[in-house]
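Lettering of chains follows the sequences in order, A, B, ..., and the numbering in each one begins at 1.
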2 protein chains.
Amino acid sequence: MQFSKSTDYALHALVHLGHSERRHNVGIKQLSGALGVSESYLSKIMSKLRQDGIVRAVPGVNGGYELARPAEQISFLDIIEVIEGRQRMFECSNSSSQQHLLLTEAEIAEQESPKREGCLIEKVMDGAEQHLRQYLKGHTIQTILDESRKRCTHDTNKK
Amino acid sequence: MQFSKSTDYALHALVHLGHSERRHNVGIKQLSGALGVSESYLSKIMSKLRQDGIVRAVPGVNGGYELARPAEQISFLDIIEVIEGRQRMFECSNSSSQQHLLLTEAEIAEQESPKREGCLIEKVMDGAEQHLRQYLKGHTIQTILDESRKRCTHDTNKK
DNA sequence: TTATTATGGACATAACGGATCTATAATTAA
DNA sequence: TTAATTATAGATCCGTTATGTCCATAATAA
Ligand code: SF4
Ligand code: SF4
């Protein structure tokens with residue numbers, strides 16, 4: 001029940017891209033250097049992010065990556081779903097057990113309607129997941145950028 | 001990023017114990033039968049639950065398991081923490097990277113106080129986790145039992 | 001065209017989850 | 001006290017996933 005390191009890297013990479021918004025195309029070399037992760041591995045992650053339309057990539061001289069949409073439209077949820085996948089956090093595997101029948105028979109008896117409601121345990125777990133997703137959807141890369149800029153009282157562009 | 005099957009089994013087992021509240025001591029054999037999981041494996045899980053004070057176990061003839069506290073004092077969070085462990089969902093591993101320094105320097109500059117606030121990314125992820133925990137803490141085994149009994153219009157004790 | 005950069009696939013390895021088996025300890029019924 | 005019963009703990013196995021590297025290829029801009 002932990003987020004993978006890849007998710008960690010992806011988040012950091014995207015925040016980095018967010019910071020270097022003006023200068024487009026951050027190469028994998030610079031990214032890798034900034035994050036302290038090998039180029040090989042980070043490439044894989046960036047590739048995934050590209051396939052899902054989070055970043056745009058351009059090969060060739062002075063190529064690299066840039067955010068494919070404004071930072072305020074890239075939520076934590078988006079990123080996590082790309083890396084961790086979109087399966088549900090709770091997948092019950094007892095669906096053929098005696099107990100499953102007991103816990104679901106009640107609702108079948110109650111409402112014969114096609115409105116499948118799922119069992120009680122599932123309902124609680126799915127509820128939890130929805131809460132998590134909702135929160136993650138409400139925080140974007142821009143959130144980080146804003147907070148970061150707010151904290152830094154002396155202007156950010158030293159150069 | 002999925003809950004393990006063990007968690008699944010633990011939840012089901014405890015709901016089962018909750019149902020058989022009056023008749024104490026449900027043996028591993030009955031439990032295993034009801035859930036459709038091997039005795040060997042389920043034993044391990046029950047053992048863990050006992051070590052953490054969720055259930056009580058008594059060996060010997062007619063022995064078995066029973067809830068160690070009232071069902072309304074056993075939250076989903078309790079159970080999940082026993083099985084999945086208590087580590088945080090997001091453990092950053094870039095703590096020595098350039099970027100880490102950049103993202104944390106601002107706050108160090110701002111408030112020199114010992115009030116360590118953690119970085120922005122961490123803050124969002126931890127926030128998400130707290131939301132999840134809060135929700136899971138608010139739902140107990142009794143929640144399931146109540147709902148189950150409510151749905152079953154014809155009385156539960158057929159025997 | 002050429003240097004540069006991303007991409008994808010093939011591997012390698014380690015860690016973890018899921019699961020089984022067995023020997024041992026504890027308890028109760030007889 | 002004895003014997004049957006039941007939980008406990010450790011060893012071990014296997015398959016999958018996570019993490020990570022390497023290399024050949026494709027795409028692009030200068
Ligand atoms: S969680 Fe609910 S639906 Fe899933 S196996 Fe258990 S009782 Fe059935
Ligand atoms: S998440 Fe924050 S604290 Fe952790 S490594 Fe990244 S910047 Fe540092």
Side-chain angles (χ1 to χ4, degrees), chain A residues 1-10 12-13 17 23-33 35-68 80 82-85 87 89-94, chain B residues 1-10 12-13 17 23-33 35-68 80 82-85 87 89-94:
Chain A
M1 202 41 192
Q2 275 208 170
F3 289 105
S4 67
K5 290 197 178 189
S6 295
T7 293
D8 184 332
Y9 299 150
H12 282 83
L17 288 190
R23 276 184 303 262
H24 295 177
N25 294 348
V26 179
I28 194 71
K29 218 160 233 173
Q30 302 153 61
L31 259 185
S32 143
L35 301 195
V37 188
S38 85
E39 299 178 30
S40 323
Y41 195 31
L42 195 52
S43 292
K44 283 275 185 54
I45 296 170
M46 297 310 293
S47 221
K48 252 191 201 168
L49 290 172
R50 186 194 60 92
Q51 286 170 353
D52 273 64
I54 308 285
V55 302
R56 210 184 336 257
V58 32
V61 183
N62 288 333
Y65 300 94
E66 62 178 337
L67 298 184
I80 290 173
V82 170
I83 306 296
E84 306 277 340
Q87 352 89 26
M89 290 199 309
F90 182 77
E91 300 263 0
C92 55
S93 45
N94 308 30
Chain B
M1 200 41 193
Q2 275 207 173
F3 289 106
S4 67
K5 291 197 177 186
S6 296
T7 293
D8 186 331
Y9 299 151
H12 282 85
L17 289 190
R23 277 184 304 262
H24 295 178
N25 293 349
V26 179
I28 194 71
K29 219 161 233 174
Q30 303 153 61
L31 258 185
S32 143
L35 301 196
V37 188
S38 86
E39 300 178 29
S40 324
Y41 193 29
L42 195 53
S43 292
K44 282 277 185 53
I45 296 170
M46 297 310 293
S47 223
K48 253 190 202 171
L49 290 172
R50 185 194 60 90
Q51 287 171 352
D52 273 64
I54 308 285
V55 302
R56 210 184 336 257
V58 32
V61 183
N62 288 333
Y65 300 94
E66 63 178 336
L67 298 184
I80 290 173
V82 170
I83 306 297
E84 306 278 340
Q87 353 88 27
M89 292 200 306
F90 182 77
E91 300 264 1
C92 55
S93 45
N94 308 30

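- Across the protein-nucleic acid pair, A:Glu39 atom CD and C:dT4 atom C1' stand 12 Å apart, rounded to whole Å.
- Here C:dA19 presents its P atom at 14 Å from CD1 of B:Ile28, a figure rounded to the nearest Å.
- Looking at heavy atoms from C-beta onward, B:Val26 lies out of side-chain contact with B:Met46 at the 4.5 angstrom threshold.
- Rounded to an integer number of Å, the gap from CE of B:Met1 to C1' of D:dA18 is 15 Å.
- For A:Ser4 and D:dA18, the shortest distance from a side-chain N or O to OP1 or OP2 is not below 4.0 Å.
- Minimum atom distance to the side chain of A:Pro59 is reached by D:dT28, of the listed C:dG17, D:dT28, D:dA7.
- The CD1-P distance, from A:Ile83 to D:dA18, rounds to 11 Å in whole Å.
- Within the 4.5 Å cutoff, the side chain of B:Glu84 has no heavy atoms near those of the A:Gln2 side chain.
- Separating the CZ atom of A:Phe3 from the P atom of D:dT17 is a distance of 19 Å, rounded to the nearest angstrom.
- Which of D:dA4, D:dA27, C:dG18 sits closest to the side chain of B:Val61 comes down to D:dA4.
- The shortest distance between side-chain heavy atoms of B:Tyr41 and B:Ser32 does not fall below 4.5 Å.
- You'll find the side chain of B:Tyr65 stays beyond 4.5 Å of the side chain of B:Asn25, heavy atoms only.
- Comparing A:Ser40 and B:Val58 by the nucleotide of DNA chain C that holds the closest heavy atom to each, the one mapping nearer the 5' end is A:Ser40.
- Under the 4.5 Å side-chain criterion, counting only non-hydrogen atoms from C-beta, B:Glu66 is not in contact with B:Val55.
- Put simply, A:Gln51 has a side-chain N or O that comes within less than 4.0 Å of OP1 or OP2 on C:dG8.
- Straight-line distance from the OH atom of B:Tyr41 to the P atom of C:dT20: 9 Å, rounded to whole Å.
- At least one side-chain heavy atom of B:Phe3 sits less than 4.5 Å from a side-chain heavy atom of B:Ile80.
- If you measure from atom CZ of B:Arg56 to atom C1' of D:dT8, you get 18 Å, rounded to the nearest angstrom.
- Considering only side-chain atoms of A:Ser47, the nucleotide from D:dG20, C:dT7, C:dT20 that sits closest is C:dT7.
- When the nucleotides D:dT19, C:dT20, D:dA9 are ranked by their closest atom to the side chain of B:Arg50, D:dA9 comes out on top.
- Nearest nucleotide to the A:Ala57 side chain, out of D:dT8, C:dA26, C:dA6: C:dA6.
- Between A:Tyr9 and B:Val26, the residue whose closest nucleotide on DNA chain D is further toward the 5' end is B:Val26.
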Look for any protein N or O under 3.5 Å of an N or O in nucleotides 9-14 of chain C and output each such pair with its distance, or none.
| from | atom 1 | to | atom 2 | distance (Å) |
| --- | --- | --- | --- | --- |
| C:dA10 | N6 | A:Lys44 | NZ | 3.1 |

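- What separates CG of B:Leu42 from P of C:dG18 is a distance of 14 Å, to the nearest Å.
- Remark: side-chain polar atoms of B:Asn94 are not paired, donor with acceptor, to backbone N or O of A:Asp8 under 3.5 angstrom.
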